[in-house]
Amino acid sequence: REHLGLSYATQSLHYTVEVARGALREAARATLREAGQPVLAQVKALDAWDDGSVRHVKVSFLAALGPYAARTFVLDDTGQASKADGALKIEKQADAVILSSPLVAVEIPALSRAFTPADPQPAEFPPPVSRIRGRRGWLGQGSIFLDSGFRLKERTVTVADDGPIVKRVMVTSAFVMAAKSNTFAGD
């Protein structure tokens, strides 16, 4: 319920919900409803009860709220979830992963490998994000320059979430310098 007379534009909302023991056997069957109608949502199981049923889920969905308005959503086990509209996409290419919507896209270099001390180290390493696309096309070309003492030990790029509401790519880079090592992870 909105109490201040303000209007909230559509945004992604994320809630953790505890499910009654035995009420939900798998998160894929969960359906979020408003006024009896399925709502496009992403439901991810977080843990389970001792009988194997889902205990907590993370529910992600899009919603707007008008001044003094109230909205009620119900989660059930009917398996009749609303279908994604395809506006949010992850495209896996040979050398990049692209997250995109109709308005913007982000290109992430898809280098995933381990390096040995014998491997030649490039002068520049692929950055976590190499380009961003706006309404006028692709912008920028990123790179990372390292202190000459650091060597890239390993870098992985993985798709962590690929649902209708949340798309997430995880980039992890590990660097070494003599006996010291650092790992940076971001999503």
Side-chain angles (χ1 to χ4, degrees), residues 8-17 26-32 38-46 56-65 73 75 79-116 119-148 150-176 181-187:
Y8 295 88
T10 300
Q11 58 187 299
S12 59
L13 303 173
H14 311 278
Y15 292 96
T16 298
V17 177
E26 55 187 61
R29 290 199 37 82
T31 301
L32 186 67
V39 174
L40 179 62
Q42 184 170 331
V43 181
K44 182 177 184 178
L46 300 177
H56 291 98
V57 292
K58 180 179 179 183
V59 181
S60 301
F61 60 101
L62 302 174
L65 191 60
F73 297 90
L75 191 65
Q80 299 171 344
S82 181
K83 300 296 181 209
D85 62 6
L88 188 59
K89 299 177 182 173
I90 289 184
E91 179 185 348
K92 298 174 191 173
Q93 299 179 342
D95 61 348
V97 174
I98 298 175
L99 282 86
S100 66
S101 76
L103 297 177
V104 69
V106 176
E107 181 180 80
I108 300 165
L111 170 68
S112 290
R113 66 174 280 215
F115 293 86
T116 68
D119 287 334
Q121 292 282 297
E124 300 179 21
F125 294 96
V129 172
S130 60
R131 300 187 301 165
I132 297 175
R133 186 192 74 221
R135 291 179 187 216
R136 295 188 175 139
W138 286 101
L139 307 170
Q141 184 62 43
S143 61
I144 293 177
F145 296 93
L146 295 177
D147 180 312
S148 61
F150 280 97
R151 292 181 58 81
L152 181 63
K153 178 180 175 187
E154 184 175 10
R155 175 163 174 185
T156 58
V157 177
T158 54
V159 175
D161 275 313
D162 190 6
I165 303 297
V166 178
K167 304 236 184 249
R168 199 175 93 189
V169 175
M170 184 80 157
V171 178
T172 305
S173 300
F175 300 93
V176 296
S181 67
N182 290 310
T183 301
F184 301 97
D187 62 349

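Distance check: D161 CG to K44 NZ gives 4.0 Å after rounding to the nearest 0.5 Å. With rounding to the nearest 0.5 angstrom, the OH atom of Y8 is 11.5 Å from the CG atom of L13. Taken from CZ in R168 to OG1 in T158, the straight-line distance is 8.0 Å, to the nearest 0.5 Å.
With sequence neighbours left out, D162 forms a side-chain contact (heavy atoms from CB on, under 4.5 Å) with I90, V159, K167. Residues meeting the side-chain contact (heavy atoms from CB on, under 4.5 Å) test with A105, sequence neighbours left out: I98, S100, R133, W138. Judged as a side-chain contact (heavy atoms from CB on, under 4.5 Å), and not counting sequence neighbours, the contacts of L62 are T10, S12, I165. In terms of the side chain to side chain donor-acceptor pair (under 3.5 Å) criterion, residue partners of E91 (sequence neighbours excluded) are, by chain and number, Q93. The ring pair (Phe, Tyr, Trp, His ring centres under 6.0 Å) test applied to F73 returns F61, not counting sequence neighbours.
Contact record, A27 with A45: CB-N, 3.7 Å, taken as the closest heavy-atom pair. Nearest heavy-atom pair, E107 versus A96, reported as atom, atom and distance to 0.1 Å: CG-CB, 3.7 Å. Of all heavy-atom pairs between G79 and T31, the closest is N-OG1, 3.4 Å. Across S60 and H14, no two heavy atoms sit closer than the pair OG-ND1, 2.7 Å.
The closest side-chain heavy-atom distance from V43 to L32 is not below 4.5 Å.
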